Asker: 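Shown below is the structure under consideration.
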Amino acid sequence: MKILVTGGLGFIGSHTVVELQDKGFEVVIVDDCSNASEEVLEGISSISGQMPIFEKLNLREKERVQEFFKRHQDIKGIIHFAASKAVGESVEKPLLYYENNLHSLIYLLKWMSEKGGAFIFSSSCTVYGQADEMPITEDAPVKPAESPYGNTKQMGEEILRDTCTVTPELKAIALRYFNPIGAHPSAKIGELPIGVPQNLVPFITQTGIGLRPELSVFGNDYPTRDGTCVRDYIHVVDLARAHVVALERILNTKQQSNYEIFNLGTGKGSTVLEVIDSFQKVSGKELNYKIVDRRPGDITEAYADTTKANRILGWKAQSTLDDAMRSAWDWELKIRRGNS
């Protein structure tokens, strides 16, 4: 069965491709390589023993998207990762985020609503804003977004829900996940942002190896146990496997409705300083960091109640924070030093 993975050369996408191929799916990757490299294909094929089909394509280009689907009429499902995703950058460049994240989704759904099939949407815990209670359940109110990035995820879910309402042939799941980190245990694929990292863990590992002189910790005056922000950090392989489980739920017609939402996380929050401590423990290196002012768009804490995903999907995160940080460091060592 042929499955399209948009943004499939990216961090989460590439790991999901590996898991899909391991389950016997035929994968087609679409990526514009704006924040990824075609070299990732070699890592994917080395792990899985299969080279996925790849087309370099910007999903904002409506005519090219239409031409792509004419060539791939037999696609039965889409896992949609292709989106700009940095909170800070979205505050600085809101129009870029609205264009990238909404146009691509709309063009994919226009085709899928005509053909029917499975659609997995890469959503985010940012839709909750600063939730009133922890841990966050799927029933928590969706609050006004703290950033344009978060707003695109809220709007994306609304677009998907409204489309499903009038298109019973379209069956979709929105996965609201928390903070993916780590790398494949083979160290053949991992998080490799182009330019300055926008996420915490690659900035930590790049600082640890000397590529960055110093890590900035944005604020230590939050009402948390050590004053730094709390997030739910989930190993990317656990997250990738959840996407495959969600896809199989749709394909096996086990959905309770044609649009469902699940949180994906570990159910445990870690502070920025605890993530730094974990890195120092698994790497044996002391990290150079300093406390700076808060960053616009950041919320105080967010961690998941994963009961629904555990019960209905039969999925649960398996890896610890130390596991994830160790794999991220192994990946950093390999790509910078050529170590295995």
Side-chain angles (χ1 to χ4, degrees), residues 10-19 22 40 43-44 47 81 85-87 122 124-126 135-136 175-193 197-209 211-212 215 217 224-226 228-245 263-287 289 301-306 309-310 315-336 339-340:
F11 177 41
I12 309 171
S14 60
H15 289 81
T16 301
V17 170
V18 167
E19 298 300 322
D22 186 55
V40 175
I44 292 171
I47 296 167
F81 294 109
K85 62 180 179 62
V87 170
S122 170
S124 168
C125 65
T126 58
I136 302 171
L175 297 176
R176 294 173 175 169
Y177 39 83
F178 284 65
N179 293 72
I181 61 172
H184 195 271
S186 68
K188 292 180 178 179
I189 55 174
E191 188 168 11
L192 185 59
Q198 299 290 331
N199 296 329
L200 174 62
V201 171
F203 214 114
I204 286 175
T205 58
Q206 287 187 16
T207 303
I209 209 164
L211 189 64
R212 308 287 168 191
L215 170 74
V217 176
T224 63
R225 52 186 171 268
D226 62 23
T228 62
C229 292
V230 171
R231 299 290 184 268
D232 188 338
Y233 295 96
I234 177 174
H235 197 298
V236 66
V237 174
D238 283 333
L239 187 62
R241 289 170 178 163
H243 287 76
V244 180
V245 170
N263 284 342
L264 298 180
T266 65
K268 178 182 178 182
S270 300
T271 69
V272 175
L273 293 182
E274 287 168 348
V275 176
I276 291 173
D277 287 344
S278 175
F279 169 77
Q280 292 180 145
K281 179 170 65 174
V282 302
S283 69
K285 298 182 69 69
E286 186 172 343
L287 196 71
Y289 69 91
E301 63 178 346
Y303 57 96
D305 183 324
T306 61
N310 300 159
W315 168 91
K316 186 175 183 179
Q318 301 296 320
S319 299
T320 66
L321 177 62
D322 286 351
D323 293 335
M325 295 305 295
R326 185 177 294 106
S327 67
W329 181 234
D330 288 344
W331 163 248
E332 190 71 52
L333 289 172
K334 180 177 185 295
I335 58 178
R336 305 301 175 190
N339 293 343
S340 58

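Side chains included, hydrogens not; waters and symmetry mates left out as well; all remaining heavy atoms used. If you're wondering where the values come from, they're calculated on a predicted model, not measured in any experiment.
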Asker: Looking at NZ of Lys334 and OG of Ser186, how far apart are the two atoms once the value is rounded to the nearest 0.5 Å?
Answerer: 8.0 Å

Asker: Kindly indicate whether the side chain of Pro197, heavy atoms from C-beta on, has any atom under 4.5 Å from the side chain of Arg212.
Answerer: yes

Asker: Evaluate Val17 against Val40 for side-chain contact (heavy atoms from CB on, under 4.5 Å), listing each step before the verdict.
Answerer: CA-CA 11 Å; Val17 170; Val40 175; over 6 Å; no

Asker: Can you check side chain to side chain donor-acceptor pair (under 3.5 Å) on Asp226 and Thr228, steps first, answer last?
Answerer: CA-CA 6 Å; Asp226 62 23; Thr228 62; 2.6 Å; yes

Asker: Using side-chain hydrogen bond (donor to acceptor under 3.5 Å, both in side chains) as the criterion, list what pairs up with Gln198, not counting sequence neighbours.
Answerer: none

Asker: For the ring pair His243 and Tyr177, is the centre-to-centre distance below 6.0 Å?
Answerer: yes

Asker: Looking only at heavy atoms, what is the nearest atom pair of Pro180 and Ile12, with distance?
Answerer: CG-CD1, 3.6 Å

Asker: Who pairs with Glu301 by side-chain hydrogen bond (donor to acceptor under 3.5 Å, both in side chains), at least two apart in sequence or on another chain?
Answerer: none

Asker: Can a donor-acceptor pair be found, under 3.5 Å and without considering hydrogens, that links the side chain of Asp323 to the backbone of Thr320?
Answerer: yes

Asker: Please test Asp305 against Ile136 for side-chain contact (heavy atoms from CB on, under 4.5 Å), starting from the C-alpha separation and ending with a verdict.
Answerer: CA-CA 5 Å; Asp305 183 324; Ile136 302 171; 5.9 Å; no

Asker: To the nearest 0.5 Å, how far apart are NZ in Lys316 and CG in Leu264?
Answerer: 14.0 Å

Asker: For the CG atom of Asp238 and the CD atom of Glu19, what is their distance to the nearest 0.5 Å?
Answerer: 9.5 Å

Asker: Any side-chain heavy-atom pair from Tyr289 and Thr207 closer than 4.5 angstrom?
Answerer: no

Asker: Donor-acceptor pair, Asn310 side chain versus Trp315 backbone, under 3.5 Å?
Answerer: yes

Asker: Nearest heavy-atom pair of Trp331 and Ala183: which atoms, and what distance?
Answerer: CB-CB, 3.6 Å

Asker: Judged by atom type as modelled, is there a donor-acceptor pair below 3.5 Å linking the side chain of His15 to the main-chain atoms of His184?
Answerer: yes

Asker: Can you name the closest pair of heavy atoms from His235 and Ala324 and give their distance?
Answerer: CD2-CA, 3.5 Å

Asker: So which of Leu192, Val236, Ile189 actually passes side chain to side chain contact (heavy atoms under 4.5 Å, CB included) with Phe11?
Answerer: Val236

Asker: Determine whether a donor-acceptor pair (N or O, by modelled atom type, separation under 3.5 Å) exists between the side chain of Asn179 and the backbone of Arg231.
Answerer: no

Asker: Ignoring hydrogens and angles, state whether a donor on the side chain of Asp322 or Ser278 is under 3.5 Å from an acceptor on the partner side chain.
Answerer: yes

Asker: Parallel under 30°, tilted from 30 to 60°, perpendicular over 60°: which one fits the rings of Phe279 and Trp329?
Answerer: perpendicular

Asker: Would you list the pairs meeting salt bridge (Lys or Arg N to Asp or Glu O under 4.0 Å) in which at least one residue belongs to residues 265-279, sequence neighbours left out?
Answerer: Arg225-Glu274

Asker: With a 4.5 Å limit on heavy-atom distance, are the side chains of Asn263 and Phe178 in contact?
Answerer: yes

Asker: Can a donor-acceptor pair be found, under 3.5 Å and without considering hydrogens, that links the side chain of Gln280 to the backbone of Leu287?
Answerer: yes

Asker: Between Val237 and Gln318, is there a side-chain heavy-atom distance shorter than 4.5 Å?
Answerer: no

Asker: Could you state the interatomic distance from CD (Gln206) to CG (Leu215), rounded to the nearest 0.5 Å?
Answerer: 11.0 Å

Asker: Supply the atom-to-atom distance Leu239 CG to Ile181 CD1, rounded to the nearest 0.5 angstrom.
Answerer: 11.0 Å

Asker: If we ignore hydrogens and angles and just use 3.5 Å, is the side chain of Asp232 paired with the main-chain N or O of Gly267 as donor and acceptor?
Answerer: yes

Asker: Quick check for you: to the nearest 0.5 Å, what is the distance between Ser327 atom OG and Glu332 atom CD?
Answerer: 12.0 Å

